[in-house]
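Presented below is the structure to which this report refers.
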Amino acid sequence: MEMRAPNEDPSGQLDDRSFEAFYRAEFDRLFKTAVGLVGRDDAFDLAQEAFARTWANWDKAMKLEAPIGFTLKIALNLARSAARRRMRWDGIAQLLRVQARSVAQPEDPIELALSGLSSHQRRALILCDYLGYGSSDAARIMGIASSTVRVHLVRARQQVRQRLEAESSYDAKQETKGNRPTMREAQR
Amino acid sequence: VRNALRPEIDRLAESADKQPDMEDVEARARRHQSHQRLMAAVVGLTVGLGAILVGTSVLTGDKTSGLVDGEPQTQGSIGSIIPEGQWVVQSSSDGWIERRGGERLSFDDLWAQAVSRTGDEMLALSFIPVTVEGEAGTTGGVVVTRFDSMVAMNTSTGATRVLGTLPPIATFGEPATWSPDGSHVLVGYGEWPRPLIEGAGHPGQINVESFCVISAQSLSRSCPRDLGPVPVFAWSPDGDAVTFVRDGVVHEFDLSSGSVSTLVNLQEGALAEALGTSVGTSTAAIGDIAWSPSGRFLAMSVSSDQFSSVPVVVDATDGSFRLGESSPSNQAMAWSPAADILAYGSGPMNPAGQRNPERSLYLLAAVSGDVRVVREEELGQGFFPSDIDWSPSGRWFAVSDVPRAHETEIVVIDGTRLEVASRFQLDSPAELFNPLVDWGV
């Protein structure tokens, strides 16, 4: 496939191949991060969009020591925007007293546990516990105080642990019944 | 959770079985670029129409639609929009200062903190990103950033002078602030178990978390290491002590004697009861503290594990307190420099315990307890307050929306009329995550 930068600059050729190499080298890591941020169903779309916007700004991103940081920031913003859109829609649905969304709850325990976190909690958890950033770095990326990151992180870990424990406990009780319950049922 | 998360997410991702698709990325990038061009055209058209309208109003002698000197405008650079003082804006790769009517001074590789009272210098941290191995049980390298030096930058020339440097086992931390008289600097301090060295093993989690006080003239430095984890700190009103938070209790560290005294305990008394009703206090944490300009009131952002946060203002003269509107997470707050008026953002939770997308801005007059609200219609639908800062005179305050991929907006509000005076978007919003560092002198 012929590779051309979408934002060809008349002042000079952009290094298209370096973007493709960057994309292929970093796809796996960013896709996995996206899975943590928005779940399996939406992760590919989010990762592709983040890479596309990086490419559209490749002249800036390529000058950075670690362009993946640029892409990661975009991915985090997109994840947050998606969460906000969901909240708005949920609020409208609540006013209209209709079912907010017909999207099925994730079945995987860890995915279900992550889906119950707020946007801030989820991003703090992924940045610190999945990507290995310290709270100060996560704070810089998220644009909030590091102390706030730590609060989100503690709450996120607590909530994920409680949900996983609830799931585990319920699973043990249900083993004899043979039917795997959803997390929502387990919490009733 | 920490140990389980990485393999679990990796497993989830592998089960999705997705492969790189370069053609899809290219198509998306082209759509994105088309959108950018369209938006640029719309903005250009709007500016052009604005110029025509202003020109027409001047020609016809109509002053009402013209721009008043000293009032914020709604088009142009930040320096031409702000009514007074100078802005400091920080992006992920660089930052800049822009004075009203002045030129922009850009700086690289520095992390802006605060402008001095005189406006001559700006505190900043220099940083080093270091790639090290992941922590035990994880794979792949991670980048850990260390704030190695504290500097003061001349706001006219951009020249810097170093106020202090740290060895690879330690890092400075945000925020860094000037003392009330401008003679000293207060900055966070952290230490890892092992030095942070490129290509070496992970240094571990920070196990000493405190603050340093640095003399801006002699550069002498004092960093108390035995206070316990101190994530939140601020100058006392007179600058003779540092107010800090440890385990939900507000203390004061006397700089001359080194003694520590307790100011506010969230776990005891009427305040504990009130917080229990408002946000729950099982793991109450204080996310931010700030003294009012008179030194009479201490504002705290208190949160709990019940997904709720509330601003608390304590009167230091008698221990009485006021609680602001609660919200699901820590909110920005800032005292007016001219009066004991606290601006903070907040929003109620919905019955399901989720964050309500509708937010409001509040002004709390600490002495009278009067509360005024900036309506959401003024801010714009979906506006999420991120940072708040007052102008040097206290007449205006600015609020930034949370940074987003395509738009990061700052709104300047008339603090008297509570009306939006101007709003504008910053450059390169995707890179911005601290859009409103300081509205300096």
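- Residue A:L114 touches chain B through its side chain alone, counting heavy-atom pairs closer than 4.5 Å.
- Because its NZ or CZ atom is both nearer than 6.0 Å to the ring centre of A:F44 and within 45° of the ring axis, B:K18 counts as a cation-pi partner of that residue.
- In this structure, the portions of A:F51 lying under 4.5 Å from any heavy atom of chain B include both its backbone and its side chain.
- In this view, A:D45 and B:R28 satisfy the side-chain hydrogen bond (donor to acceptor under 3.5 Å, both in side chains) rule, not counting sequence neighbours.
- Contacts between B:Q19 and chain A at a heavy-atom distance below 4.5 Å involve the backbone alone (N, CA, C, O).
- Residues that satisfy the side-chain hydrogen bond (donor to acceptor under 3.5 Å, both in side chains) test with B:R246, not counting sequence neighbours, are absent from this structure.
- Of all the listed residues (B:V144, B:L12, B:T131), the one sharing the greatest number of non-hydrogen pairs under 4.5 Å with chain A is B:L12.
- In this structure, A:Y23 has its ring center no closer than 6.0 Å to that of A:W55.
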